[in-house]
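I have placed the structure first, in the form of structure tokens, so that the comments after it can refer back to it.
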Amino acid sequence: MELTGETKDWGRGMAEAFSMVKDQAPLVHMIANYVTASFCADAMAAMGARPLMAQAPEEMEEITGSADGLAVNLGQPSEEKYLACERALQTAGNLGIPAVLDPVGAGASGYRKKASASLCAASWPGRAWSGVLKGNSSEIHTVLTGATAHSGVDSVGTFSHLEEEAAFLRDMREKDRNMVILETGAVDKLCWISESGGKDRIFRAAFGHEKSRRVNLVGTGCVTGAVLGALLAAEHKKTGAMPGTDRMALLAASAVSMVSFSCEAIGDGGYGTYKWKLLDALSQPDLGLYEAYIGRNMKWIC
Ligand SMILES: Nc1ncnc2c1ncn2[C@@H]1O[C@H](COP(=O)(O)OP(=O)(O)OP(=O)(O)O)[C@@H](O)[C@H]1O
Ligand SMILES: Cc1ncsc1CCO
């Protein structure tokens, strides 16, 4: 696919990606958080994936090792959970299983900040993990810059960190790690170094929203991470390989667009309505509508 080409190609690619999950029925290991675990498991099952939520450090090698993909969500960190995350990511790295890391509330405490940074750095023995760093704007800002001027797990604004983001991705590339950054918020943003565009060429795409959200819908970001985990797992199961950054970017765009489109489609429904509508959209996606949505909302940022 020509990266700077038509966004309709992306729309088609995204539709195919969701069909691939139904065909492959991948096993996805998720280290979840207790607020959104059940919603994330439902979201993955609705797409046709097989979720497995587990976080005993003692079983991580076996559980991650048997899965097609891994999604790590740092909500409610503790020493035991941290150890589980580390072992799961280490196993994923060594076996070439793609992972998503969601550093929930990275700026809400010094402990979360440190845990997020060291899981990203992966400076333990063996091959470091590859995949997607996904968070809201506050979380990504903390991970990239070390700033902790935030509170809570919801995003408190839109932050800028273009230079730090580029430096992070170049560092990952130097270390042979295929990494993409997905930053959610009022505008969702995707950033990666393309395999085809030269070592230093950073690609950025933005996904605008037609409707501004009035409330903090708890769990939308976590579900985006779970959906992305399922897409990466299906890709890995199908190809037997670690996806390249261009492919990861397309899958990240698919996850974020599916969730945001479904949330917008609720219209004037109440808070509770959105959860079951999102699950319905994931289980019976209208791929034509979905492709059109991408066409309208995706923009290249150079
Ligand atoms: N201001 C906004 N207007 C429209 N849509 C939004 C807005 N903020 C977020 N969203 C939508 O919600 C999705 C999740 O983003 P958000 O930044 O709220 O995640 P999060 O804070 O990680 O969520 P959680 O931790 O509750 O799971 C985004 O991908 C986007 O579709
Ligand atoms: C509300 C909340 N607190 C910790 S994790 C979480 C769910 C959204 O990330």
Side-chain angles (χ1 to χ4, degrees), residues 14 30-44 53 55 71-78 81-82 85 100-109 111-113 115-116 132-143 150-159 161 180-191 205-229 231 249 251-269 271 274-275 277-279 281-282 290 293-294 296-299:
M14 294 170 191
M30 182 163 193
I31 299 181
N33 77 58
Y34 59 59
V35 179
T36 60
S38 141
F39 190 26
C40 289
D42 279 331
M44 290 190 275
M53 315 320 237
Q55 61 181 67
V72 171
N73 180 303
L74 217 55
Q76 297 98 42
S78 65
K81 180 165 178 177
Y82 177 80
C85 295
V100 181
L101 174 64
D102 187 346
V104 176
S109 73
Y111 181 66
R112 283 175 194 249
K113 179 172 105 167
S116 306
V132 181
L133 171 65
K134 183 219 75 77
N136 64 37
S137 191
S138 311
E139 291 158 352
I140 296 293
H141 192 67
T142 295
V143 173
H150 314 127
S151 61
V153 293
D154 50 327
S155 197
V156 290
T158 301
F159 298 85
H161 30 246
V180 168
I181 297 178
L182 174 59
E183 177 179 327
T184 60
V187 173
D188 295 313
K189 294 175 192 155
L190 201 50
C191 185
F207 302 82
H209 302 296
E210 285 154 22
K211 290 182 195 148
S212 178
R213 206 168 75 175
R214 290 158 297 154
V215 288
N216 169 26
L217 291 171
V218 171
T220 355
C222 298
V223 162
T224 303
V227 168
L228 179 51
L231 289 163
L251 299 177
S254 307
V256 83
S257 302
M258 173 58 111
V259 173
S260 59
F261 177 47
S262 307
C263 291
E264 285 188 22
I266 294 161
D268 293 327
Y271 189 101
Y274 114 93
K275 290 200 175 183
K277 282 213 175 175
L278 175 55
L279 296 176
L282 287 167
Y290 184 47
Y293 178 78
I294 301 300
R296 288 196 304 276
N297 291 290
M298 180 174 169
K299 302 263 177 308

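Model, not experiment: these values are computed from the prediction. In each ligand, atom 1 is the first atom listed, and ligand 1 is the first ligand listed. When a residue number appears, it is its place in the shown sequence, counting from 1.
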Original post:
Can you tell which of Ser260, Ala255, Gly185 gets a heavy atom nearest to atom 6 (C) of ligand 1?
Top reply: Gly185

**OP:** Taking the side chain as every heavy atom from C-beta outward, state whether Val100 and Leu182 have any atom pair closer than 4.5 Å.
**Re:** no

Original post:
Considering only heavy atoms of Gln76, which atoms of ligand 2 have at least one such atom less than 4.0 Å away?
Top reply: 4 (C), 5 (S)

Subject >> Of the listed options Ala32, Gly75, Cys222, Gly225, closest to atom 9 (O) of ligand 2 (non-hydrogen atoms) >> reply: Cys222

Original post:
How long is the gap from CD on Glu183 to NE2 on His141, to the nearest 0.5 Å?
Top reply: 9.5 Å

Original post:
Can you tell which of Ser138, Gly221, Gly219 gets a heavy atom nearest to atom 23 (O) of ligand 1?
Top reply: Gly221

**OP:** Classify the contact between Asp188 and ligand 1 as side chain, backbone, both or neither, using a heavy-atom distance cut-off of under 4.0 Å.
**Re:** side chain

**OP:** Note the single closest protein heavy atom to atom 2 (C) of ligand 2, along with its residue, its atom name and the distance in Å.
**Re:** Val153 CG2, 3.6 Å

Subject >> Atoms in ligand 2 flagged as close to Val104, the criterion being non-hydrogen separation under 4.0 Å >> reply: 5 (S), 9 (O)

Original post:
In the protein, which heavy atom is nearest to atom 11 (C) of ligand 1, and how far is it?
Top reply: Arg213 NH1, 3.4 Å

Acceptor/donor pairs from residues 34-41 side chains to any protein atom, 3.5 angstrom cut, sequence neighbours excluded:
from, atom 1, to, atom 2, distance (Å)
Thr36, OG1, Asn33, OD1, 3.4
Thr36, OG1, Asn33, ND2, 3.3

Subject >> Check: Arg112 and Val104 side chains under 4.5 Å, non-hydrogen atoms >> reply: yes

Only distances under 3.5 Å count here; give the side-chain donor-acceptor pairs of residues 253-267 to other protein atoms, sequence neighbours excluded, each with its distance to 0.1 Å.
from, atom 1, to, atom 2, distance (Å)
Ser254, OG, Leu250, O, 2.7
Ser257, OG, Ala253, O, 2.7
Ser260, OG, Val256, O, 2.9
Ser260, OG, Ser257, O, 3.3
Ser260, OG, Tyr293, OH, 3.4
Ser262, OG, Met258, O, 2.6
Glu264, OE1, Glu210, N, 3.4
Glu264, OE2, His209, ND1, 3.3
Glu264, OE2, Glu210, N, 3.2
Glu264, OE2, Tyr293, OH, 3.2

**OP:** Check each heavy atom of Val256 against ligand 1 and say whether those closer than 4.0 Å belong to the side chain, the backbone, both or neither.
**Re:** side chain

**OP:** Answer yes or no: is there a side-chain heavy-atom contact under 4.5 Å between Asp102 and Leu74?
**Re:** no

**OP:** First locate atom CG of Leu190, then atom OG1 of Thr184, and finally report the distance between them rounded to the nearest 0.5 Å.
**Re:** 11.5 Å

Subject >> Under-4.0 Å heavy-atom contact with ligand 1, by part of Lys211 that carries it >> reply: backbone

Original post:
Has Val259 got any heavy atom lying under 4.0 angstrom from an atom of ligand 1?
Top reply: no

